[in-house]
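Each remark here refers to the structure printed beneath this line.
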Amino acid sequence: MLYVMKLDSEHLEILAMIVEKGGLTEGAEALGKSQPSVSRTMALLEDRIGAALFEPGKRPLRPTELGESLARIGARIHALNLEASRMVQSFRKGHTGRLRIAGTPIFMDGVVSNFIADFQTRQPDVQIEQSYGYLDQLSGQLRNGALDMAIVPLHPSSAPTDMSFVPLLPGRNVIACRAGHPLMRKATITLADIEPYPWIAPPPDSPLYRDLQRALKSIGKEDFRVSFSGGTLASIISVLARSDSLTVLPYSVVFLSRKTAGLDALRIRIAHPDRHLGMLTFDGGTPPPSLRLFAGFLKDEFQLLEARIQHESQVTKRRG
């Protein structure tokens, strides 16, 4: 069986610094140690290996062949320790790590994914795993540690008692259509005007489906003809863009999709949901440090988005 001599890695690092700086005193100063303590460390290392590390009587200090070889190993250990230290510091500051984020599909794909891309431009070493779900499912995943944050539409008073909810954007829905829809040419839209057009329904288990029912009821339309239902945001947008169908979407989704997807909002008021889109986290968890950076970034981005929406609303009102 091969005998393995165990050497103290710190002793090898000290040896490397002495060789690099050219003397015990210089090496001790670079390490922030006293010269006598460094001398004792080298004596211990020589006793351990049973050989001299420096040629006797040589000035400046000159390592033996073995001392030089061990110093090279010590230099590599020192470099690895520095790398490990930088890695830990980066993680503690939130610049590296993994985040598990989930939310309702329409908001995640229509709004949040844009901000995730911007965040990763600034923090490219933070890995984000995105998934989808609704409140009940996501609350369970937060509690069991499978998620770090859920981004959901919720009234602040309805947040689970063991969780924190930070509102980001007030609920604001619109009737969405393609930019060139015939109804976009009308200054005033009545119930009779929208009667001929079919509707796209969000997934039936989604809050947005209930919003659709509530919104249409608020303008006196109890029944509606569904031409397409249950799709993703991408499929809903594709059908909207190639037909005269209508649907109810969060205005933030329409606002961010206008240029890329050719969506627009009809000039008709509908009931808005009594809730906010916000960040939900479990109070009993131990979040990764990067979550703090991500949460702060999201808050700032949503404030900017709300300001843009309000500015455009004021400009539209001034135009009549």
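- Hydrophobic clustering of Ile, Leu, Val, Met, Phe, Trp and Tyr side chains at less than 4.5 Å, counting indirect connections, unites Leu191 with Ile270.
- The hydrophobic clustering, which links ILVMFWY residues whose side-chain heavy atoms are closer than 4.5 Å, places Tyr197 and Trp199 together.
- Using a 4.5 Å cut-off on side-chain heavy atoms (C-beta onward), Asp148 and Pro288 make contact.
- Ser243 places a side-chain N or O within 3.5 Å of a backbone atom of Ser245 that can act as its donor or acceptor partner.
- Within the model, atoms CZ of Arg100 and CG of Leu291 stand 10.0 Å from one another, a figure rounded to the nearest 0.5 Å.
- In this structure a side-chain-to-backbone donor-acceptor pair under 3.5 Å is missing from Ser206 to Pro202.
- Listed here is the closest heavy atom pair of His11 and Met42: O-CE, 3.6 Å.
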message: Using salt bridge (Lys or Arg N to Asp or Glu O under 4.0 Å), reason through Arg275 and Asp211 one step at a time and then give a plain yes or no.
response: CA-CA 11 Å; Arg275 60 175 185 257; Asp211 289 348; 2.3 Å; yes

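- Using a 4.0 Å cut-off between charged side-chain N and carboxylate O, Arg178 and Asp244 make a salt bridge.
- Around the NE2 atom of His78, the shell of radius 6.0 Å holds no more than 12 heavy atoms that belong to other residues, nucleotides or ligands.
- In plain terms, the two heavy atoms of Thr64 and Glu55 that are nearest each other are CG2-N, 3.8 Å.
- Shortest non-hydrogen contact noted between Ser290 and Arg98 is OG-O, 4.4 Å.
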task: Go through the steps for Phe302 and Val111 under the test side chain to side chain contact (heavy atoms under 4.5 Å, CB included), then give the verdict.
output: CA-CA 9 Å; Phe302 271 100; Val111 181; 3.7 Å; yes

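- Going from atom CD1 of Ile106 over to atom CG of Leu249 covers 6.0 Å, rounded to the nearest 0.5 Å.
- In summary, the side chains of Ser39 and Gln35 do present a donor paired with an acceptor at a separation below 3.5 Å, with no hydrogens or angles considered.
- Separation of atoms CZ (Phe54) and CD (Glu68) is listed at 10.5 Å; rounding is to 0.5 Å.
- A 4.5 Å side-chain heavy-atom check between Leu168 and His276 finds every atom pair outside the cut-off.
- Residue Arg258 places its CZ atom among more than 12 non-hydrogen atoms of other residues, nucleotides or ligands, all under 6.0 Å distant.
- With values rounded to the nearest 0.5 angstrom, Ser218 atom OG is found 9.0 Å from His272 atom NE2.
- Ser113 places a side-chain N or O within 3.5 Å of a backbone atom of Met108 that can act as its donor or acceptor partner.
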- prompt: Hey, mind stepping through Ile200 and Leu240 against side chain to side chain contact (heavy atoms under 4.5 Å, CB included) and telling me if it holds?
  reply: CA-CA 8 Å; Ile200 296 173; Leu240 275 181; 3.8 Å; yes

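- In summary, the side chains of Thr260 and Ser257 do not present any donor paired with an acceptor at a separation below 3.5 Å, with no hydrogens or angles considered.
- By the rule that hydrophobic residues join a cluster once side-chain heavy atoms approach within less than 4.5 Å of another member, Leu277 and Leu280 end up as members of separate clusters.
- Taking OG1 of Thr104 as the reference point, atom CG of Leu135 lies at 10.0 Å (rounded to 0.5 Å).
- Shortest non-hydrogen contact noted between Leu293 and Gly94 is CD1-O, 3.4 Å.
- With contacts defined as side-chain heavy-atom distances shorter than 4.5 Å, the pair Val174/Leu266 does not qualify.
- In this structure the side chain of Phe228 never reaches within 4.5 angstrom of the side chain of Thr247, judged on heavy atoms.
- Between Asp8 and Leu45 the shortest side-chain heavy-atom distance does not fall below 4.5 Å.
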- request: Verify side chain to side chain contact (heavy atoms under 4.5 Å, CB included) between Leu256 and Leu305, making sure each step is shown before the conclusion.
  value: CA-CA 9 Å; Leu256 292 175; Leu305 174 60; 4.0 Å; yes

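- In the hydrophobic clustering of ILVMFWY residues, with side-chain heavy atoms under 4.5 Å counting as a link, Ile151 and Met163 come out apart.
- If you look at His155 and Phe165, their ring centroids are not closer than 6.0 Å.
- Of the possible donor and acceptor atoms, one in the side chain of Arg225 sits under 3.5 Å from a partner among the backbone N and O of Pro196.
- In the hydrophobic cluster analysis, where Ile, Leu, Val, Met, Phe, Trp and Tyr join through side-chain heavy atoms closer than 4.5 angstrom, Leu246 is grouped together with Val248.
- Residues Thr96 and Ser90 share a closest heavy-atom pair of CG2-OG, 3.1 Å.
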task: Assess whether side chain to side chain contact (heavy atoms under 4.5 Å, CB included) is satisfied between Leu99 and Glu129, documenting all intermediate values.
output: CA-CA 6 Å; Leu99 281 178; Glu129 296 178 2; over 6 Å; no

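- To the nearest 0.5 Å, atoms CD1 (Ile73) and CG (Leu15) are separated by 10.0 Å.
- Side-chain atoms of Asp193 come within 3.5 Å of backbone atoms of Thr190 as a donor-acceptor pair (strictly under, hydrogens ignored).
- At a cut-off of 3.5 Å, with distance as the only test, no side-chain donor of Asp118 or Thr121 sits close to an acceptor on the other residue.
- Between the side chain of Ser158 and the backbone N or O of Leu154, no donor-acceptor pair lies under 3.5 Å.
- Aromatic rings from Phe119 and Phe294 are positioned such that their centres are separated by under 6.0 Å.
- Residues Asn173 and Pro273 meet the side-chain proximity criterion, which asks for heavy atoms closer than 4.5 Å.
- A salt bridge links Arg172 to Glu306: one of the charged nitrogens lies within less than 4.0 Å of a carboxylate oxygen.
- Between Ala261 and Ile237, the shortest heavy-atom contact is CB-CG2, 3.4 Å.
- Cys177 has its side chain out of reach of Leu183: every pair of non-hydrogen atoms, C-beta onward, lies at least 4.5 Å apart.
- With respect to Glu10 and Lys33, a salt bridge is recorded, a charged nitrogen being found less than 4.0 Å from a carboxylate O.
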